[in-house]
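The basis for the numbers below is simple: all heavy atoms, side chains too, and nothing from hydrogens, waters or symmetry mates.
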Amino acid sequence: MPILLGALGLEIAVILISMAASLAVNHDSLTRLRDENTSILADTLRVLSAAMDILRRSTIVWILVAVLMLLYAPAAMAQYRILGRTIEFFKEGIDIKKGVDAFLNYEPPEQADHTTDKRQEMEDSSLRDASEDNSKTEEDRPEASKAEMNPSATGEKKDDWFSLRPKSEQKLARGLQISESERDIVLELSEEERNEVFFLSGEYQINDWDDQEEINRQVQRKVNDLIKQQRENAFDSEDGAPETLRTEVVQASRDDETATELKKKKEIIAIRNSAYQAYPKCSLAKLISETYNGFGLAYHWQCGNEQTAEYYFAQAIPWLFECLTFEENSEDIIRNLLNNIEQRYNDIAYVCSSDRAEKLYSQKLGEAFGMVVVK
C-alpha cells in the first residue's frame, strides 16, 4: 500500500506541475479571454476548464503517467495475493505443474513470515515431545518401539549402497528374519563353486588379473557360449512337468510371498531347484538367483557375517548364467541379466574385505560384464 500511495502521489504531483506549466505558458491567452466584470467563481471555472483542455491535449503528461504506471503499478499490485500468485506462476517458465503449485501455495511476504514462524513453533514442539519420549526409561518402552528408536538393536546397518537398491530387494532384506545364531554362521564357496564364479579354472580361466582386456575377452567368450545353447523351456513344454510338480511350484511361489524365515526361504529354493533340475525353466533359475541375492542383502543389512553375505551373492551368479542359456530371451532380457551379473560381482566387491583376492576378482569381473557386447 505505501508503494501504491507513493506512486499515486507522484503521478498527481507530475500532473499538477504539468498543468501549472501549461497554464503559465498559456497565461496570455487566458488573460485575453477574461472579461473585466467576470466574477472570481467564473474565473476559477474558466481556469480549470482551460487546464483540463490543456491536459487532454498534452502528450507529455500522458507519457509520464504511462511510464509511472509501468514502473510502480506492478510493484504495488504484487503486494496483493492475486498478482503475487500470478507472478510466482510465470516464474516457473514452461513447467506448468510447478507453476500451478507455486500459484496455489503463494503467500504474501508478511503472511509467509507468520506461517514460517508458526511452522517453526510446531517443529520445535515436536522436537520437545520427541526429547521427552527419549527420556523415558527402556522398561517403559515396548519392545517393538525399542527396535524402531534404535535400529542397531536389531543389527540393522544403514548405508548409501543399500539405499540405492530396488525397493523390492530392500523389502526382502528388511523382512527376512535372521536369528542371532544364523547371523554368526560363516559360509564359504566350495573350490568348484569358487573356480566357476571367479573364472579360476576351466575353459574360461583368467591367468592375468592385471590385464583387463584378457578378462573382458574371457567373459565375452563365456557369455557368447551360454547364449548359443538356446535351450527350450522344458517345464512348460507339451511333455513337461507333471501336474503335481506344477502345483507344488505354484504353491512355493505363494508361500514365498509371505515367508519371512530364512529356513522357509531355503525350503522354497529347494523345491524350485528340484523342479529346475528335472524340467529347466528360465524363470525358476531367475527366482532362485533373486532369493540368494536377497539373502546376501539381508546378511549385510542385519549385520550378519559379511563372508556369508558374499557367499550368497556368489551363489546367485551361476543361476544367472543358467538364465542366459534359454532361447526365449530377447536382447533386452539378456542385457538385463548381464546387468544383474555385473551387480552381483559389485556386491561381492563391496562386502569383501580388502585383504582377500576375491575383492580384486569381483571388481575386475564386474567391469568385464559391464563391457559385454550382445551379439
A side-chain contact here means heavy atoms from C-beta on lying under 4.5 Å apart; do [X] and [Y] qualify?
X: K364; Y: F369; value: no
X: L176; Y: L262; value: yes
X: L365; Y: V197; value: no
X: D255; Y: Q251; value: yes

Donor-acceptor side-chain pairing of [X] and [Y] below 3.5 angstrom:
X: N305; Y: R183; result: no
X: E327; Y: N329; result: no
X: D347; Y: Q343; result: yes
X: E188; Y: Q307; result: yes
X: N233; Y: D236; result: yes
X: S353; Y: D355; result: yes
X: Q218; Y: E203; result: no

- side-chain contact (heavy atoms from CB on, under 4.5 Å) partners of A252, counting only residues at least two apart: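 Expected list: I268, I271.
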- Item | Residues which pass side-chain contact (heavy atoms from CB on, under 4.5 Å) with L172, listed by chain and number, not counting sequence neighbours |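 Applying side-chain contact (heavy atoms from CB on, under 4.5 Å) to L172 gives K265.
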- Query: For F198, which residues count as a ring pair (Phe, Tyr, Trp, His ring centres under 6.0 Å) partner, sequence neighbours excluded?
  - Reply: Y361
- Y276 six-ring centre to K281 NZ/CZ under 6.0 Å and within 45° of normal: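 Not flagged: K281 not positioned over aromatic ring of Y276.
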- For F235, is the NZ or CZ atom of R246 found under 6.0 angstrom from the centre of its six-membered ring and inside 45 degrees of the ring axis? yes
- Message: Can you confirm whether or not the ring centre of F313 sits under 6.0 Å from the ring centre of H300?
- Response: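 No; H300 has its ring centre 6.0 Å or more from that of F313.
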- Hey, which of K266, K264, R272 is the one that makes salt bridge (charged side-chain N to carboxylate O under 4.0 Å, His left out) with D256? R272
- More than 12 heavy atoms of other groups within 6.0 Å of Q277 CD: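 Counting other residues, nucleotides and ligands, CD of Q277 exceeds 12 neighbours.
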- Task: Would you please name every residue forming a side chain to side chain donor-acceptor pair (under 3.5 Å) with T325, sequence neighbours left out?
- Result: R231
- Sequence neighbours excluded, which residues qualify as side chain to side chain donor-acceptor pair (under 3.5 Å) partners of N224? Q220
- Message: If the threshold is 4.0 Å, N to carboxylate O, is there a salt bridge linking E261 and K263?
- Response: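 Looking at E261 and K263, the cut-off is not met.
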- Task: Would you check if the side chain of E232 reaches a backbone N or O of S237 as a donor-acceptor pair within less than 3.5 Å?
- Result: no
- Test salt bridge (charged side-chain N to carboxylate O under 4.0 Å, His left out) applied to E196 - qualifying residues, sequence neighbours left out: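 Listed in chain order: nothing, the list is empty.
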- Pair N273-W319, side-chain contact (heavy atoms from CB on, under 4.5 Å): steps then yes or no: CA-CA 10 Å; N273 183 26; W319 287 103; 3.2 Å; yes
